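Read through the structure below, which is laid out as structure tokens, and then see the notes.
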Amino acid sequence: MSLRLRLSLLLGVLNLGFLLVLLALLLGNQRASIAEEITAAHRVTVQLLGTAAQTSGLTGPAPLVMETFLRRLGRVRANEIRLYDSRGELRYVSPPSHYKQSRQAPEPFARLMTPQLEATGFDLPGARLLIVPDASRAVLDAWDDLTSLVLLWLGFFVVLQVSLLLFLRHLLRPAETLLVGLDQLAHGRFATRLAESPVSEWRELTSGFNRVAAALERGQAEQRQLVLTTEALAANREVTRFIEAGIEAERKRLARELHDELGQSVTAIRLIATSLARHAGAGAEIAAGAGKINEVAASLYDGVQRIVRELRPAVLERSDLAAALEEIAREWRQQHPDIALTLATRGDCSHLGEALTLAAFRVVQEALTNVLKHAAARRVDIELCRETGTLGVCVRDDGRGQAAPAGMRRGLAGMRERAALLGGTLAAGAAAEGGFCVTLNLPLNEKETPSS
Ligand SMILES: Nc1ncnc2c1ncn2[C@@H]1O[C@H](COP(=O)(O)OP(=O)(O)OP(=O)(O)O)[C@@H](O)[C@H]1O
Ligand SMILES: [Mg+2]
């Protein structure tokens, strides 16, 4: 049931209750006043006609004198006067009232309102006079008053209900607008705004609605922006992945070329130099030159091998991270004996899959290059830890901590990119206990890694 209908029903019931109480009070009052009026009128009439009855026999035959008197008297208010002869036949009855002639109050109402008064009779010589109280006019008056009141109430009630319905319709219109607005929001049209209502309660509601809609609109715009940014990021990642894959392939190719082409050539030079020295005979100078060529070629060979290892350590092909880092550590200790390097491995880090192994390897490589470039450290510790679902790599030095940035600074950004591409994280910065620390965490797909 609508609010409008409920309110008008409530008001209708209250109004009806009020009318019924009013009617009950009025009926009580009217009844008492009719009884009072009819009793008084009857008493006066009885006194008047009693005196007339006593004196009627003095001037002639009593029935005739009385009849003449009564005909002259006519109608007496609220009483009916009858004169009977000695045989009991009606000689005279007072004429009916002209007031509201031929109209009567409804029978049940008349029965309720008519007072129970006895008729009064006088016996005359040869006749009987009967005075009967008649409340019909007073009852009719009361009936007319009540019907006027009820009609007036009905008119008032109809006007009240119609105005109430119109007023409520006007008052509740913002609720309909609000419903339409909510429907718009439910359909995702967050640009919807409601006009301010002149009613303060509605105004608060509409401005609340507008605030919510504005917040939703902002949220929608941010969501859209987020989707765009995520898409752009995903596209960037794809490009980075592509570039990284290209660089790795190029490193691989370069390492192979250096190893196969330059390595073969340098080996050939060394063989020629050795044979030249063997066949130099007495030419001591030529033998010394050949020996020198052999020496230079040997160091060139070592250099090439080192570059090949740096470009692409052979152990990486087997996805053995622990072995690849061991190789880096060995080389580091040879080249930088003044900076102590430790490598600790926990868990099996030998079958992590190519992508993961490569990412962790490159991060350690760049972290060690940074130690040389920025840290001025005496010691570097590398920790490798494989736990359920995660691979953790930590490179910590005891150097100066965060050094002033220099150059293009692609290193840490590249590390972060590598970590993000594999769904991992990378943290780098000065450690609380001194030095610099790079921590890489990569999620492991336990089902895939052993087979890859
Ligand atoms: N081990 C470290 N000790 C002290 N500072 C470091 C260390 N590693 C990195 N940093 C600081 O972090 C900055 C960023 O390092 P990042 O590797 O990104 O750049 P870079 O080494 O300066 O240049 P790039 O790696 O691109 O050649 C460095 O410039 C340096 O200031
Ligand atoms: Mg760097």
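Read the numbers this way: they start at 1 and go in the same order the structure lists the ligands and their atoms. Note that the structure is predicted; figures quoted are calculated from it, not measured. Any value given below was found using the heavy atoms of this structure, including those in side chains, with hydrogens, waters and symmetry copies removed.
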With heavy atoms of G401 as the reference, note each atom of ligand 1 found under 4.0 Å away. 3 (N), 4 (C), 5 (N)
E433 and R396 ion-paired at < 4.0 Å: yes
Taking R418 first and then E244, would you say they form a salt bridge - that is, a charged N and a carboxylate O separated by under 4.0 Å? yes
Are E238 and R241 ion-paired here, with the side-chain N under 4.0 Å from a carboxylate O? yes
Ion pair present between R111 and E107, side-chain N to carboxylate O less than 4.0 angstrom? yes
Distance-only, no hydrogens or angles: does the W202 side chain make a donor-acceptor pair with backbone N or O of L171 under 3.5 Å? yes
Please say whether A413 places an N or O atom under 3.5 Å from an N or O atom belonging to ligand 1. no
Numbered atoms and elements of ligand 1 in range of E366, under 4.0 angstrom, heavy atoms: 17 (O), 25 (O)
If you measure from each non-hydrogen atom of D397 to ligand 1, which part falls under 4.0 Å: side chain, backbone, both or neither? side chain
Could you tell me whether K373 approaches ligand 1 through its side chain, its backbone, both or neither, with non-hydrogen atoms closer than 4.0 Å? side chain
Does one side chain, of T390 or N441, offer a donor that lies under 3.5 Å from an acceptor on the other? no
Return the set of protein N, O or S atoms whose distance to the Mg ion (ligand 2) is under 2.8 Å, each given as residue and atom. E366 OE2, N370 OD1
Please determine whether a side-chain nitrogen of the Lys or Arg among E217 and R193 lies less than 4.0 Å from a carboxylate oxygen of the Asp or Glu. yes
Does F436, backbone or side chain, put an N or O under 3.5 Å from an N or O of ligand 1? no
Which atoms of ligand 1 have any heavy atom of L412 under 4.0 Å away? 12 (O), 14 (C), 15 (O), 16 (P), 17 (O), 18 (O)
Taking 4.0 angstrom as the limit, do R75 and D134 come out as a salt bridge? yes
Before accepting this row, confirm whether a basic side-chain N of the pair D144/R103 lies closer than 4.0 Å to the acidic partner's carboxylate O. yes
